[in-house]
Structures are given as structure tokens and as C-alpha cells.
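Read through the structure below, which is laid out as C-alpha cells, and then see the notes.
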Amino acid sequence: CFQIKYIKTLNQVIAAMETQLSNGPTCNNTSNGPSTISNNCSSPVESGSMEDSKTNLIVNYLPQNMTQEELKSLFGSIGEIESCKLVRDKITGQSLGYGFVNYVDPKDAEKAINTLNGLRLQTKTIKVSYARPSSASIRDANLYVSGLPKTMTQKELEQLFSQYGRIITSRILVDQVTGVSRGVGFIRFDRRIEAEEAIKGLNGQKPPGATEPITVKFANNPSQKTSQALLSQLYQSPNRRYPGPLAQQAQRFRLDNLLNMAYGVKSRFSPMAIDGVTSLAGINIPGHAGTGWCIFVYNLAPDADESILWQMFGPFGAVTNVKVIRDFNTNKCKGFGFVTMTNYDEAAMAIASLNGYRLGDRVLQVSFKTNKTHKA
DNA sequence: TATTATT
């Protein structure tokens, strides 16, 4: 089932960052994401050549639902940003989980590495490091390695591959329950040439002490998989009654713009920034966040049932409750219903996407529930 | 036997 995991609340980012700023970065590369032995969070600042940028950072392992504006807000707390970009899939608009932050002042870039590298955001531990100069030679340098001895450590894996070049990241996948190696992993080299040489030298070879040969090949391109998954999703349910990913993407950019405005008029990391969104959007301030965000859905057909509300809103995130309001005598829908969603941003996304949506021969009106009573 | 690192 296609799911949009949209942004968490800004407050979560703020809370995580404030914790981080008071405690300092947590060095934890084992819980999430690959790392290199030589370039982990204890020494993220590498000495680069004179030509390397001292202001441009690459940020990896971002939560899937983090927006560019959140990225900008988070890193803007360090210093003035010249530019900021969250990299998205060209076709689907889905975040690829990394982005770039270019500061005006090199000192701020260094401070961002020291402050934000290793920051935990949701289930991720972000990595902040200097971006290498963009070049075709550093693309497609990621290798997939299988058939590894279960006893091989990440360090041993790096030692095996380091003879072919500079390793950017390495990872051995482990069973989530037992933590034992699954015998497969990834090696990202600095340059594609190095990866090619490693394939020539190590594919089909037995590592020292191993009884079985390993397989070394280029890793699948992640954006391809994402596109395929989303496209198959499109074809899988041609009669879907809610918008597909592309329609949602368009709405998403609208919401991004609203967030951008909100962030601009409110002091950074103000807990009230979210309310800025609602007022700027001309949306009534929604009801209590404690029990979730209540959404009013109007112009449902008489035969509408709860399942249609689950189908429409579920793809946008956590839905805790749906209700179709029915006439006591006829048991037919009175034309409206309610949906409760846990997370503000997912609710806002659902509203932005579903308001005005045509369901059958009716055009829905979807908004946050107001304090007014709704008399049809 | 598959995570998301070059705009």
C-alpha cells in the first residue's frame, strides 16, 4: 500500500535539536546507516584539498519525510545559509534521504558538522560532512557485496576493499532481531574507477580465511527502485478514488511553500510556527492536538461508509479514527464525516490533497474541523 | 540478495 510519510511536526525537530545542542552529538553509527571506520562521527571533519569547498555540506540519512524547509530551518540555526537543497527523485518527488547545505561562512559549515553530525531525527542518525566537488567520476561508485563470511566485521570488510581506493561508506547488513551478519553489505568508493577495480579484483574471490567466494557488483540505483515501486502502485489500482503520487507531489510543493512562509515570518524554531502555517493558509485553527487532528469531510454520498475514509486518508499517514455521520432513521450518510489523524503535517497534507477532490460525482470539501457546529 | 552519498 502506497504510503506518504510526510513531515513530522517541526516541534519534533526542534526537540531533537535542543536535546542535541545541550548534550552534544551522539556517536552512534551502529543503530542506523553505514559508516566508515576512518570517517565516523568522532572525526567528521576531513582535511580536503585546497580546491574543496569549505562551505558546502552534504547531509545524509535524513528521515524520509523531512522537507527541504525543515532541513533549511535546522541548519539555518547555525548560521546564514547561501543555499539548501533536499535531493528528490526526479519523477516521484520523493526524498532520496540526503541534501546539501551551503553556508556563507566556512566557520558555520564547520560548526554545523560539529553540532549536527550524529543528530538523531526519528529513526535516523544524520551524517553531516563536507561535500566533495561534484563530478561524474564520483557517481555510481556504490558496490553490493554478498557471500561474506558471517564473522567478517565492518573493519575487516573495509580492509579488504581499501586496497582499491578511498572508501566513503561501508555497511554490513545484520538480522534485525539477532544482530548477526546477513553476509551482505555495501561499499561506496570515492570514485567509480576504484569501484570497478574492486569488482575486477574481488568478485568471485575468497577473502582471507573464507571458504566461499564473495560476489561484488554495482549496487542497484535507489531512485530506480523508488520509481518502480511508485509506478507499479499507480498501475496496480487504476480505479483508486484518491490522488496518485504525482497529484500528491503537486500538493506537497504547495504545502512546502506555506511552511516556507511560516518559517520566514516566525522566529526560527518557534513552537508557534505551525500555527503560522494555518493562519497563512487561511485555514481555521484546528481543534485539540492532544487527541489528534480532527478533519471535517463534507459532501459524501448517502451510501458512503467508513472504508472510503480509511482509503482516502490512510495513505497520508496515521489515521486513528474515522466516522461517517448517518441519519438515525434511514442509516444513510448525512453528507459528512470526520477523520482523526495523529500528526499535524500528515493531516495538513491530506487536507491539501483531498480538498476539492472529486469522489464519484461529488466534489469533497475537506478542512480541519472548526469550533462551529456544522448544520447542513 | 539490497541501504538510500553529489545538486
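Below, read A as the first sequence line, B as the second, and so on, with proteins coming before strands; counting in each chain starts at 1. Keep in mind that this is a model prediction, so the values were computed, not measured.
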- Message: Nearest to the side chain of A:F186, heavy atoms from C-beta on, is which of B:dA5, B:dT3, B:dT7?
- Response: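 Given the options B:dA5, B:dT3, B:dT7, the side chain of A:F186 is closest to B:dT3.
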- Query: B:dT6, B:dA5, B:dT7: which one has an atom nearest the side-chain heavy atoms of A:K85?
  - Reply: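 Of the options given, the side chain of A:K85 lies nearest B:dT7.
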Report yes if at least one side-chain N or O of [X] is closer than 4.0 Å to OP1 or OP2 of [N]; otherwise report no.
X	N	result
A:R188	B:dT3	no
A:Y61	B:dT3	no
A:S134	B:dT7	yes
A:R88	B:dT7	no

For [X] and [N], give me the distance from atom [atom1] to atom [atom2], rounded to whole Å.
X	N	atom1	atom2	answer
A:R139	B:dA5	CZ	P	14 Å
A:D175	B:dT1	CG	P	12 Å
A:L157	B:dT3	CG	P	16 Å
A:N60	B:dT6	CG	P	8 Å
A:R191	B:dT6	CZ	C1'	13 Å
A:I126	B:dA5	CD1	P	13 Å
A:N117	B:dA5	CG	C1'	13 Å
A:I187	B:dT3	CD1	C1'	13 Å

- Of the non-hydrogen atoms in A:M66 and A:L86, which two are nearest, and what is the gap between them?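 Nearest pair, atom of A:M66 first, then A:L86: O-CD2, 3.2 Å.
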- Message: I need the minimum non-hydrogen distance between A:F186 and A:L157, along with the two atoms involved.
- Response: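 Result for this residue pair: O-CD2, 4.4 Å.
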- Item | With A:R326 via salt bridge (Lys or Arg N to Asp or Glu O under 4.0 Å) - residues at least two apart |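 By the salt bridge (Lys or Arg N to Asp or Glu O under 4.0 Å) rule, A:R326 matches A:E306.
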- With heavy atoms under 4.0 Å as the rule, sort A:N102 into base, sugar-phosphate or nothing.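 It contacts nothing in the nucleic acid.
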- Check every strand shown and say whether A:Y144 touches a base, only sugar-phosphate, or nothing at a heavy-atom separation below 4.0 Å.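 Base contact.
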- Query: Counting only distance, no hydrogens or angles, is the base of B:dT3 paired donor-acceptor with the side chain of A:N221 under 3.5 Å?
  - Reply: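 A donor-acceptor contact between them is absent.
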- Look at the side chain of A:R132 and the base of B:dT6, then say whether one donor and one acceptor between them are separated by less than 3.5 Å.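 Side chain to base: pair present.
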- Message: Parallel, tilted or perpendicular, judged at 30° and 60°: which one describes the rings of A:F338 and A:F336?
- Response: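 The rings of A:F338 and A:F336 stand perpendicular, inter-plane angle above 60°.
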- Query: For A:Y98 and B:dT6, is the gap between ring centres under 5.5 Å while the planes differ by less than 30°?
  - Reply: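 Here the ring of A:Y98 and the base of B:dT6 are not stacked, as the 5.5 Å and 30° limits are not both satisfied.
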- Quick one: CG on A:L309 to CG on A:L300, what's the gap to the nearest 0.5 Å?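 If I round to the nearest 0.5 Å, the distance is 5.5 Å.
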